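What follows is a single structure, written as structure tokens, with notes after it.
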Protein chains: 2
Amino acid sequence: MTERKKPVGQPDKRRAIVTGALTLFARDGYTRAGLDAIAAEAGVSNRTIYNHFTDKAELFQTVIQESTRRVADTMVDIIDRHLSKVVDLEADLVDFGMAWLGVLTSDLAPHFALIRQINAEIEHIPPAALELWRDSGPGRTRRELAERLRRIAERGELAIDDPARAAGHLMLLISADNLTDRAALHDESALREMVAAGVHTFLHGYVRRPRHDAGEQ
Amino acid sequence: MTERKKPVGQPDKRRAIVTGALTLFARDGYTRAGLDAIAAEAGVSNRTIYNHFTDKAELFQTVIQESTRRVADTMVDIIDRHLSKVVDLEADLVDFGMAWLGVLTSDLAPHFALIRQINAEIEHIPPAALELWRDSGPGRTRRELAERLRRIAERGELAIDDPARAAGHLMLLISADNLTDRAALHDESALREMVAAGVHTFLHGYVRRPRHDAGEQ
DNA sequence: TAGACATTACATCGATCGGTGTAGCGAATG
DNA sequence: CATTCGCTACACCGATCGATGTAATGTCTA
């Protein structure tokens, strides 16, 4: 299981195959994406794919791993860049959320279409591989975000019992409307309002409480 | 477009086809689910399917519509049953969340696998049909939940600017861990803790604020 | 230069699948 | 009883697809 497979073939061809496969897997899904189409997209012969990968399944797994790795790196980088030094918590969280959402529309966008494919075929994926992916992908970013939140809480700005759960809540709230209205992803102002609302809920919730500066009946 | 198609064939056969198709579409996805397998699952001949539906695509659309309708009805019912009369807001929201999550493990469970299939093939679905589904499915439940929250806010228990957005936040927070750990869906106590944490975040957020009963520096 | 290796185009195989045609069976209706 | 209609079983077609075989071309290196 820990065996390291020696790379065969030219590495640039291999990368072209993987990126082309990512494009088509993301757009058409595992079953629909034909190997001929992938080969054409990668500018590579059909036969070359089988020189680098034994199987369509192995190609798919490789695509997932490499794409997950890259996206997780990006996410962790965003977390570190925005939440290492916090001066205005709410404003910094909003900026962080905007950068976070920016990834969804970047050149890494196909990855998230691929994630939806994975979620769809989740019943057909061996649980071990699934767990491995979760741990190295969303799990890793969640742990990183949780650690940052824990430190902020340590300084007394947040009251967090379970940092991992809080991180999950924050990630959900930041991209809340993304799940219901994907068109809003390209409207900058609406996007900022969504993030601001999510961050506000994350910090303050919705319960009405008496103001501190003014008396209330 | 508004034409009403007269039903052909025996209605019980038709229902068997639709429910069988739901099972296989949910498990295997649109492409993988073969018509022979669907026919076998429904206890029906292959040819009978084409007596009731012109196309595989039309069968799929029918399955989506009927399943969406049933689930939305259930959801709306849960909302009305738990949030019409609220005495203890936080406790009632937790109970509501538990009932909400209960649907995910009920006999309606295949529906949500079908939703994942839709999300995966979202690029290949005509936008009009997609909008129609969103409006009659999640959109409808969200509007219903938003209306309940608006009334609660009117009574002064919640401070809500945008009820629709608040409803979205609540739905996300209730089933937060569902997205990362589906195994927890069958542990009653862990499930209740997840819902309680989500509701607590929805109401109070995470920001640390001075207590009302005790002085703080 | 010679040999090893990667890539390519092309042909092919077996399997699956969506969809259709056909003939026969059974039940309900008149 | 005769007709109609829906269901079934079966065979079949055309297309797609994953995967392999093969022979030729190109490229890098010893």
Side-chain angles (χ1 to χ4, degrees), chain A residues 5-64 114 117-118 120-121 123-126 129, chain B residues 5-64 114 117-118 120-121 123-126 129:
Chain A
K5 60 191 59 174
K6 52 193 167 193
V8 288
Q10 286 191 320
D12 57 336
K13 294 284 179 182
R14 181 190 161 96
R15 269 206 310 167
I17 294 173
V18 172
T19 62
L22 169 60
T23 301
L24 290 198
F25 278 143
R27 195 184 60 192
D28 299 338
Y30 179 78
T31 309
R32 272 190 181 8
L35 277 179
D36 289 356
I38 293 177
E41 176 77 20
V44 154
S45 170
N46 178 345
R47 207 63 181 76
T48 305
I49 297 182
Y50 287 96
N51 188 24
H52 290 262
F53 306 93
T54 71
D55 227 337
K56 189 186 185 183
E58 193 209 337
L59 172 61
F60 189 60
Q61 185 180 336
T62 303
V63 168
I64 290 177
L114 190 70
Q117 302 294 340
I118 296 177
E121 305 209 47
E123 313 279 355
H124 301 283
I125 302 177
Chain B
K5 60 192 57 172
K6 51 196 168 192
V8 289
Q10 287 190 320
D12 57 333
K13 294 285 179 181
R14 183 192 159 94
R15 268 208 310 167
I17 293 173
V18 172
T19 62
L22 169 60
T23 301
L24 290 199
F25 278 142
R27 194 185 61 193
D28 298 338
Y30 179 78
T31 309
R32 268 171 153 65
L35 277 179
D36 289 356
I38 293 177
E41 176 76 21
V44 154
S45 171
N46 177 347
R47 207 65 180 74
T48 305
I49 297 183
Y50 287 95
N51 188 24
H52 289 263
F53 306 92
T54 70
D55 226 336
K56 189 184 185 184
E58 194 209 336
L59 173 61
F60 189 60
Q61 185 180 336
T62 303
V63 169
I64 290 177
L114 190 69
Q117 303 292 341
I118 295 178
E121 307 209 47
E123 312 279 354
H124 300 284
I125 302 177

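Everything quoted here is computed from the prediction, not taken from an experiment. Each chain gets a letter, A, B and so on, in the order the sequences are listed, and its residues count up from 1.
For A:Asn51 and C:dT7, the shortest distance from a side-chain N or O to OP1 or OP2 is below 4.0 Å. The phosphate of C:dT8 (OP1 or OP2) has a side-chain N or O of A:Thr48 nearer than 4.0 angstrom. Between A:His52 and C:dA6, a side-chain N or O to OP1/OP2 separation shorter than 4.0 Å is absent.
In this structure, A:Glu121 CD and A:Thr31 OG1 are separated by 4.5 Å, a value rounded to the nearest 0.5 Å. In this structure, CG on B:Leu59 lies 4.5 Å from CZ on B:Phe25, to the nearest 0.5 angstrom. The line from OG1 of B:Thr62 to CG of B:Leu22 is 12.0 Å long, rounded to the nearest 0.5 Å. Expressed to the nearest 0.5 Å, how far CG of B:Leu114 lies from OG1 of B:Thr23 amounts to 10.0 Å.
In this structure, CZ of B:Phe60 is placed 13 Å from P of C:dG18, rounded to the nearest angstrom. Counting to the nearest Å, the P atom of C:dA9 and the CD1 atom of A:Ile49 are 12 Å from each other. One interatomic measurement links the two molecules: CG of A:Asp12 to P of D:dT27, which rounds to 13 Å at whole-angstrom precision. At whole-Å resolution of the value, CZ in A:Phe53 and P in C:dA6 are 14 Å apart.
Without hydrogens or angle criteria, B:Lys56 side chain to B:Tyr30 main chain gives a donor-acceptor distance under 3.5 Å. Side chain of B:His124 to backbone of A:Arg27: a donor-acceptor contact under 3.5 angstrom is found.
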Inset, instruction - Heavy atoms under 4.0 Å is the rule here; annotate nucleotides 19-26 of chain C 5' to 3' with B where the base is hit, S where only the sugar-phosphate is, and - elsewhere. - result: BBBB----
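A:Ala37 comes within 4.0 angstrom of nothing in the nucleic acid, heavy atoms only.
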